[in-house]
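These values consider heavy atoms only, across backbone and side chains, with no hydrogens, waters or symmetry-generated copies. Convention: sequence-line order gives letters A, B, ...; per-chain numbering from 1.
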Protein chains: 2
Amino acid sequence: MPTMTAAERRDEAREAYDAFLAACPSHQLLGRISDKWTALIVTSLADGPRRYGEVARTVASISQKMLTQTLRSLERDGIITRTVTPEVPVRVDYELTETGRELLPVLRAIKDWAETHIEGIMASREAYDRRS
Amino acid sequence: MPTMTAAERRDEAREAYDAFLAACPSHQLLGRISDKWTALIVTSLADGPRRYGEVARTVASISQKMLTQTLRSLERDGIITRTVTPEVPVRVDYELTETGRELLPVLRAIKDWAETHIEGIMASREAYDRRS
DNA sequence: CGGGATCCTGCCCGATACTG
DNA sequence: CAGTATCGGGCAGGATCCCG
């Protein structure tokens, strides 16, 4: 019996595709740079090392939890380094790595595209909403 | 009484910053291009118009709901157009607008960065996980 | 064929409190 | 100062069924 229902075939395709996506660098790292806070934090470190509290003030609206979590995650990915200086009180500095610095032009490209098209997009949204 | 607690001051700062972020084109549109499916769908339309079902097959693992939802949202933003041809059965084509096509180089920049650094990042993750 | 409507679940993230 | 720990609400998003 070669019978395989359509549903089974779809499931199989989906699994295969999920595996493909999981292995796809672009897709993984798109998730990385596009989470809610990564861009803001990386940009905050663009001009050089900064202490935890300085980053917190730059990205004023972030919660302590998400700041620490995102910093850790960026450190894990080798996009920033974390340096602890055992003074009293403790001092912790974060700094972009080379990989992190090479991310800056990408973010700038996004920013450029955004600033070029934001006006048209806002207008498009309004028109769309008025129509429906 | 000029008294304002630290908590109140923080809240005020957060609100102001949230308003700033809400008004920031880069931040808004970063959310736009970086959601789970936008990049895949836009890329799927890079070579020309496609029907709903074709896009669905290209981005095999997406659910019907998210495909429709994302397409609608992209249409609202003026990144793609939606053309209904009342044949039997119905035919619906999606196509990138100029704004949408100008998004392609940005996505390519992300892809290039990703492919250049994926290896180092994977290694960094492993090292980080083994250490802790 | 190309959707809409509904239900339901995980997990993202904010708020809060405590530590070295 | 720079975190960790815990709790809980909200909502993105998957599954399913129905429709013109």
Side-chain angles (χ1 to χ4, degrees), chain A residues 5-8 10-11 13-15 17-18 21 27 31-32 34-38 40-41 44-45 49-76 80-95 132, chain B residues 5-15 17-18 21 31-32 34-41 44-45 49-76 80-95 132:
Chain A
T5 69
E8 284 169 339
R10 251 185 292 114
D11 282 356
R14 206 177 55 73
E15 272 176 53
Y17 196 75
D18 283 351
L21 277 187
H27 193 251
R32 164 72 279 173
S34 73
D35 84 42
K36 202 174 174 186
W37 302 111
T38 295
L40 292 168
I41 292 178
S44 159
L45 294 174
R50 279 201 164 158
R51 300 186 58 172
Y52 180 90
E54 295 180 309
V55 178
R57 255 170 281 116
T58 307
V59 190
S61 71
I62 195 174
S63 69
Q64 234 179 21
K65 177 183 172 180
M66 288 318 296
L67 178 54
T68 299
Q69 188 173 300
T70 308
L71 285 168
R72 282 293 193 285
S73 166
L74 288 170
E75 185 199 2
R76 186 172 105 102
I80 64 176
T81 57
R82 176 172 182 272
T83 312
V84 182
T85 311
E87 306 173 332
V88 202
V90 192
R91 173 194 183 96
V92 182
D93 287 277
Y94 294 92
E95 184 172 12
S132 68
Chain B
T5 68
E8 284 169 339
R9 254 179 279 116
R10 249 185 293 115
D11 280 356
E12 202 167 80
R14 207 178 53 74
E15 271 176 54
Y17 196 75
D18 284 350
L21 276 187
R32 164 71 280 174
S34 72
D35 83 43
K36 202 175 176 187
W37 302 111
T38 295
L40 293 168
I41 292 178
S44 160
L45 295 173
R50 278 202 165 156
R51 298 185 59 171
Y52 180 90
E54 295 180 309
V55 179
R57 255 170 281 116
T58 308
V59 189
S61 71
I62 195 173
S63 67
Q64 241 179 22
K65 175 183 172 181
M66 289 317 296
L67 178 54
T68 299
Q69 188 174 302
T70 308
L71 285 170
R72 281 295 192 285
S73 166
L74 289 169
E75 185 199 1
R76 185 171 107 102
I80 64 176
T81 57
R82 177 172 183 271
T83 311
V84 182
T85 311
E87 304 172 336
V88 202
V90 194
R91 174 196 183 94
V92 182
D93 288 277
Y94 294 92
E95 182 172 13
S132 67

Are B:V55 and B:L67 side-chain neighbours, meaning at least one heavy-atom pair lies under 4.5 Å? yes
Hey, are the side chains of B:T70 and B:K36 touching, using non-hydrogen atoms and a 4.5 Å cut-off? no
Integer-rounded Å distance: D:dA2 C1' and A:L67 CG: 10 Å
For residues A:L71 and A:I41, report the shortest heavy-atom separation together with the two atoms involved. CD2-CG2, 3.9 Å
Going 5' to 3' along nucleotides 2-12 of chain C, which nucleotides have protein heavy atoms under 4.0 Å from the base (write B), which only from the sugar-phosphate (write S), and which from neither (write -)? SBB--------
For A:I62 and C:dA15, give me the distance from atom CD1 to atom C1', rounded to whole Å. 15 Å
Can you spot which of B:R51, B:R82, B:E75 makes a side chain to side chain donor-acceptor pair (under 3.5 Å) with B:Y94? B:R82
Side-chain contact, heavy-atom cut-off 4.5 Å: A:S73 with A:R32? yes
Between CD1 of B:I41 and C1' of D:dG13 the distance, given in whole Å, is 13 Å
Apply salt bridge (charged side-chain N to carboxylate O under 4.0 Å, His left out) to A:R50 and list each qualifying residue two or more places apart in sequence or on a separate chain. none
Rounding to 10°, can you tell me the angle the first-five-pair axis of the helix from C:dC1-D:dG20 to C:dG20-D:dC1 makes with its last-five-pair axis? 50°
For B:D93 and B:R91, the nearest pair of non-hydrogen atoms, with its separation, is OD2-NE, 2.8 Å
Check: A:E54 main-chain N/O paired with A:T58 side-chain donor or acceptor under 3.5 Å: yes
